[in-house]
Amino acid sequence: MSTSPQRWSIATVYPDLWVDPDDDPRSSDRHSPDGELATLLSYLRDYRLTLDLKCQGLTLEQMMKLSVPPSTMSLFGLVRHMTEVERDWRNWITDGEPEPPIYGSLDDAFDLSDVPSHPEETVLTDAFARLEQEQAATDAEVSRHDDLGTHVGREDIAVREFLVHRIEEYARHCGHADLLRECIDGRTGQ
């Protein structure tokens, strides 16, 4: 008997996809965005949605399942990490006093020892709400700059480079989320 989960998908048109193309929230308007900023924001939105999709339908216990030892990576840890990353990025592009870390550091977000041994499912809801809050705050800060070539914040980073870096970070972690989800219940797809 194998301990590996059975591969599955809810897609009916193309069984190797996560969802049927008509149900995929990442391609809702089916039109290519106009302009550089719209394109960058579209990719960022889609990768954020991908991370969310990879976590849908799981319990907190499943979300906390670690990948391959000795790694401390889990889907729950990824959500917390991206929350911390959003705040850290906002600190890059502002001139004021940096906001303190939420979970201690970017890597501490993967340490789930602060989660109670018998946590309520609200812990999961709260983590996603916190991620959305941090995403919105960083998005608001970015939206203050119309020119993508403008250099901002203590890191003196161009807005364009900042947006590409955010896309890269989400894309990399969506790859991790693919593998983590497949380990949990065998679900695979786009």
Side-chain angles (χ1 to χ4, degrees), residues 2-31 33 40-68 71-89 102-103 106-112 114-139 163 166-190:
S2 172
T3 58
S4 299
Q6 193 79 10
R7 290 183 143 227
W8 71 278
S9 172
I10 63 171
T12 58
V13 178
Y14 303 104
D16 61 330
L17 296 182
W18 188 261
V19 295
D20 288 329
D22 288 341
D23 298 328
D24 192 336
R26 297 167 295 185
S27 52
S28 57
D29 63 8
R30 307 245 189 253
H31 296 287
L40 292 170
L41 293 176
S42 176
Y43 272 87
L44 179 61
R45 175 190 162 273
D46 286 354
Y47 279 120
R48 285 174 171 173
L49 283 169
T50 299
L51 180 60
D52 186 62
L53 283 170
K54 298 297 176 175
C55 298
Q56 285 182 1
L58 296 176
T59 65
L60 177 58
E61 181 181 6
Q62 289 172 310
M63 291 277 296
M64 290 177 63
K65 182 178 179 180
L66 299 182
S67 61
V68 180
S71 174
T72 60
M73 190 173 287
S74 67
L75 283 172
F76 188 66
L78 270 179
V79 169
R80 289 169 36 133
H81 174 74
M82 292 311 299
T83 303
E84 196 71 71
V85 166
E86 288 284 354
R87 175 165 287 188
D88 187 52
W89 284 334
I102 301 163
Y103 299 109
L106 296 174
D107 290 335
D108 287 345
F110 291 107
D111 177 4
L112 305 181
D114 64 328
V115 179
S117 59
H118 299 290
E120 299 288 326
E121 288 294 318
T122 56
V123 170
L124 187 55
T125 306
D126 293 346
F128 277 101
R130 190 69 180 267
L131 174 59
E132 289 176 15
Q133 176 186 6
E134 293 300 317
Q135 289 169 336
T138 304
D139 290 348
L163 286 169
R166 292 171 81 195
I167 293 165
E168 178 273 332
E169 182 88 8
Y170 273 96
R172 183 164 47 97
H173 287 310
C174 283
H176 294 133
D178 284 338
L179 296 173
L180 287 162
R181 181 63 187 251
E182 187 173 3
C183 286
I184 292 167
D185 64 3
R187 189 158 181 201
T188 61
Q190 80 266 29

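Fair warning: this is a prediction, and the values are worked out from it, not measured in the lab. Atom set for the values below is all heavy atoms of this structure, side chains included, hydrogens, waters and symmetry mates excluded.
For the pair R48 and E86, the minimum side-chain heavy-atom distance is below 4.5 Å. Side-chain contact check for M82 versus L51: some heavy-atom pair is nearer than 4.5 Å. In this structure the side chain of T138 reaches within 4.5 angstrom of the side chain of R166, judged on heavy atoms. Looking at heavy atoms from C-beta onward, L180 lies in side-chain contact with M73 at the 4.5 angstrom threshold.
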inquiry  = Quick one, L179 with C183, criterion side chain to side chain contact (heavy atoms under 4.5 Å, CB included). Give me CA distance, side-chain angles, the key distance, then yes/no.
reply    = CA-CA 6 Å; L179 296 173; C183 286; 5.6 Å; no
request  = Step by step, work out the side chain to side chain contact (heavy atoms under 4.5 Å, CB included) result for T72 and D111.
outcome  = CA-CA 7 Å; T72 60; D111 177 4; over 6 Å; no
request  = Would you check, one step at a time, whether the test side chain to side chain contact (heavy atoms under 4.5 Å, CB included) holds for F128 with M63?
outcome  = CA-CA 12 Å; F128 277 101; M63 291 277 296; 3.9 Å; yes
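When all heavy atoms of A177 and L78 are compared, the closest pair comes out as N-CD1, 3.9 Å. Nearest heavy-atom pair across Y103 and A109 is CB-CA, 4.0 Å. I167 approaches L44 most closely through the heavy-atom pair CG1-N, 3.9 Å. Closest non-hydrogen pair, V79 versus C55, comes out as CG2-SG, 4.1 Å. Summarising the geometry of K54 relative to R181, their closest heavy-atom pair is O-NH1, 2.9 Å, with the distance given to 0.1 Å. Shortest non-hydrogen contact noted between L124 and L60 is CD2-N, 3.9 Å.
When the shell of 6.0 Å around CD of E61 is examined, it contains 12 or fewer heavy atoms from other residues, nucleotides or ligands. Enclosure of atom OH in Y43 is not indicated, since only 12 or fewer non-hydrogen atoms of other residues, nucleotides or ligands lie within 6.0 angstrom.
Applying the side chain to side chain contact (heavy atoms under 4.5 Å, CB included) rule to L112 yields the partners M64, S74, F76, R80, V115; only residues at least two apart in sequence or on another chain are considered. A search for ring-ring contact (aromatic ring centres under 6.0 Å, His included) contacts involving F110 returns H81, not counting sequence neighbours.
In this structure, OG on S67 lies 8.5 Å from NE2 on H176, to the nearest 0.5 angstrom. Note: I102 CD1 to D108 CG = 12.5 Å, rounded to the nearest 0.5 Å. W89 CH2 to L163 CG: the interatomic distance, rounded to the nearest 0.5 Å, is 10.0 Å. To the nearest 0.5 Å, atoms CG (L41) and CG (D139) are separated by 7.5 Å. Summarising the geometry, atom OH belonging to Y170 is positioned 13.5 Å from atom CZ belonging to R45; distances are rounded to the nearest 0.5 Å. How far CD of E169 is from CG of D88: 9.5 Å, rounded to the nearest 0.5 Å.
Ionic pairing of D126 and R130 is not present here: no N-O contact between side-chain nitrogen and carboxylate oxygen is shorter than 4.0 angstrom. Taking a cutoff of 4.0 Å between a charged side-chain nitrogen and a carboxylate oxygen, D185 and K65 do not qualify as a salt bridge.
Side-chain atoms of Q62 come within 3.5 Å of backbone atoms of T59 as a donor-acceptor pair (strictly under, hydrogens ignored). Judged by distance alone, with hydrogens and angles left aside, the side-chain atoms of R87 form no donor-acceptor pair with the main-chain N or O of Q135 at under 3.5 Å. Listed for the T122 side chain is no donor-acceptor partner under 3.5 Å among the backbone atoms of T125.
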